[in-house]
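Just so you know, these numbers come straight off a predicted model, no measurement behind them. Nothing fancy with the numbering, it's 1 onward along the sequence. Order of listing sets the numbers, starting from 1, for every ligand and every atom in it.
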Amino acid sequence: MSTHRSWAEPWKVKMVEHLRMTTRAQRESAIREAGYNTFLLPSRLVYIDLLTDSGTSAMSDRQWAGLMLGDEAYAGSENYYHLEDAVREHYGFREVIPTHQGRGAEHLLSRVAIHPGQCVPGNMYFTTTKAHQELAGGRFVDVIIDEAHDADSSHPFKGDIDLEKLQTLIDRVGAAGIAYVCVGATVNMAGGQPISLGNLRAVRALCARHGIRIFLDATRAVENAYFIKTREPGHADRTLAQILRAMCECADGCTMSAKKDSLVNIGGFLALNDAALAEEARNLMVLYEGLQTYGGLAGRDMEALAIGIAESVDFDHMHARIGQVEYLGRKLLEAGVPITRPIGGHGVFLDAARFLPRLPRDQFPAQALAAALYVDSGVRSMERGGVSAGRDQKTGENLFPRLELVRLTIPRRVYTQAHMDVTAESVIALHRNRDRIRGLKFTHEPRHLRFFQARFDPVEGDCVLVD
Ligand code: F0G
């Protein structure tokens with residue numbers, strides 16, 4: 001008898017959403033009209049949408065039922081108290097400030113916790129997080145371990161902070177020169193890579209010695225907890241809920257984009273322990289988000305979020321979620337496609353620099369590969385490389401981070417293994433025909449977060465994928 005046992009999702013499908021199939025000619029014209037930017041494609045022309053795992057999850061029947069229990073009172077909505085309870089129970093922070101999504105929380109935190117000129121060290125950057133830190137006058141400093149910048153390193157916790165880098169920064173600017181340490185769990189831009197609990201605790205100890213606060217970007221912290229349970233010695237017998245609490249105990253608060261781990265289509269929160277800091281954040285909140293008991297969310301959204309938080313820490317759910325990402329990643333690895341290793345939590349990241357070694361970085365290989373993938377099969381992915389990194393604030397030069405990636409991000413509870421097969425076959429076919437992919441040049445470059453709205457043309461001809 002075979003000892004191998006497959007996992008399967010701990011749910012079944014109750015309702016389906018039809019997808020539109022397109023022809024290659026339709027996709028060629030759509031991507032041209034979108035300026036070769038997958039963000040600018042209308043979703044009705046996308047077959048399998050792996051642009052992001054953000055707000056794209058399928059809610060459960062319980063969450064949908066929760067929508068009917070929305071208490072749309074302007075003040076003191078019942079659903080706010082459910083949300084507050086869920087955050088206190090699972091994340092452990094006392095003060096709960098709902099926001100319309102993650103960047104709303106980042107805005108509030110950056111404004112109340114950063115003095116202009118201070119540094120904000122972090123384990124790699126995330127686009128909106130760094131942008132808000134900079135708008136508040138802060139300066140992001142990368143203190144992640146070097147392995148995180150090497151797509152081929154198989155370090156199990158590439159999200160770890162390099163304690164020496166952090167100590168060197170503290171020695172150089174002093175504790176007063178540091179607003180707080182911003183810890184991402186998992187690290188999106190490194191490929192959905194986790195931070196270990198051991199490292200997080202060591203960062204906490206180091207910061208405590210210097211009186212420096214730590215704020216967690218808890219957007220995918222439950223996925224991170226899964227990796228701690230399955231990879232870090234000593235945690236196999238603990239529940240995801242216990243590990244999540246242990247992670248949060250290392251921090252003074254967190255920002256949260258609930259559109260990921262928490263299985264809702266919109267929502268976020270800022271959670272803090274310091275009541276005085278929370279008071280400052282609430283003062284801004286009423287200006288930028290909404291009243292303190294809804295923060296830009298409808299009552300029903302807060303109810304779905306409270307339920308989603310509890311569902312997110314279920315091991316079988318997370319095992320199937322990360323198992324599906326691994327399934328796609330393994331197929332690509334077996335076919336020799338260069339991807340970031342280890343396979344991450346929320347997606348598979350194609351290493352576009354190695355996929356298209358002949359394209360120079362200033363022809364944006366990852367942007368070109370994402371456009372070509374769409375033309376080939378209608379699969380929508382996202383660039384995470386030079387275009388996302390933007391320009392140096394001082395010199396105005398393009399930043400070319402070492403990682404030049406295309407992200408195939410898997411929404412939670414949405415696609416089947418067959419969708420993963422179709423995706424893998426398209427990527428593998430493109431890899432075999434990689435010499436047919438053309439580089440891109442800017443035709444329009446926005447000032448902030450340029451990747452969202454930038455437009456391009458192929459450097460030669462009028463096709464990103466030559467037939
Ligand atoms: N932090 C991380 C690690 C994120 O991945 C995101 C969003 C945010 C903060 C901001 O949250 O979108 O709710 O305002 N990431 C999305 C993505 C956009 O596609 O990776 P938001």
query = What residues come within 4.0 Å of ligand 1, counting heavy atoms only?
reply = Thr52, Ser54, Gln101, Gly102, Arg103, Glu106, Phe126, Thr128, Asn188, Asp217, Thr219, Arg220, Ser257, Lys259, Lys260, Met382, Arg407
For a quick test of your reading: what N or O donor-acceptor pairs under 3.5 Å do the side chains of residues 107-116 make, sequence neighbours left out?
from: His107; atom 1: NE2; to: Arg111; atom 2: NH1; distance (Å): 3.1
from: Ser110; atom 1: OG; to: Glu106; atom 2: O; distance (Å): 2.7
from: Arg111; atom 1: NH1; to: Tyr288; atom 2: OH; distance (Å): 3.2

remark   = For residues 297-306, the salt bridge (charged side-chain N to carboxylate O under 4.0 Å, His left out) pairs (sequence neighbours left out) are Glu72-Arg300
ask   = With under 30° as parallel and over 60° as perpendicular, where do the rings of His319 and Phe315 fit, or are they tilted in between?
value = parallel
request  = State whether a side-chain donor-acceptor pair under 3.5 Å links Thr38 with Arg380.
outcome  = no
note = Residues pairing under ring-ring contact (aromatic ring centres under 6.0 Å, His included) where one sits in residues 34-57, two or more places apart or in two chains, turn out to be Phe39-Phe451, Phe39-Phe452
query = Should we count CZ of Arg361 as having more than 12 external heavy atoms under 6.0 Å?
reply = yes
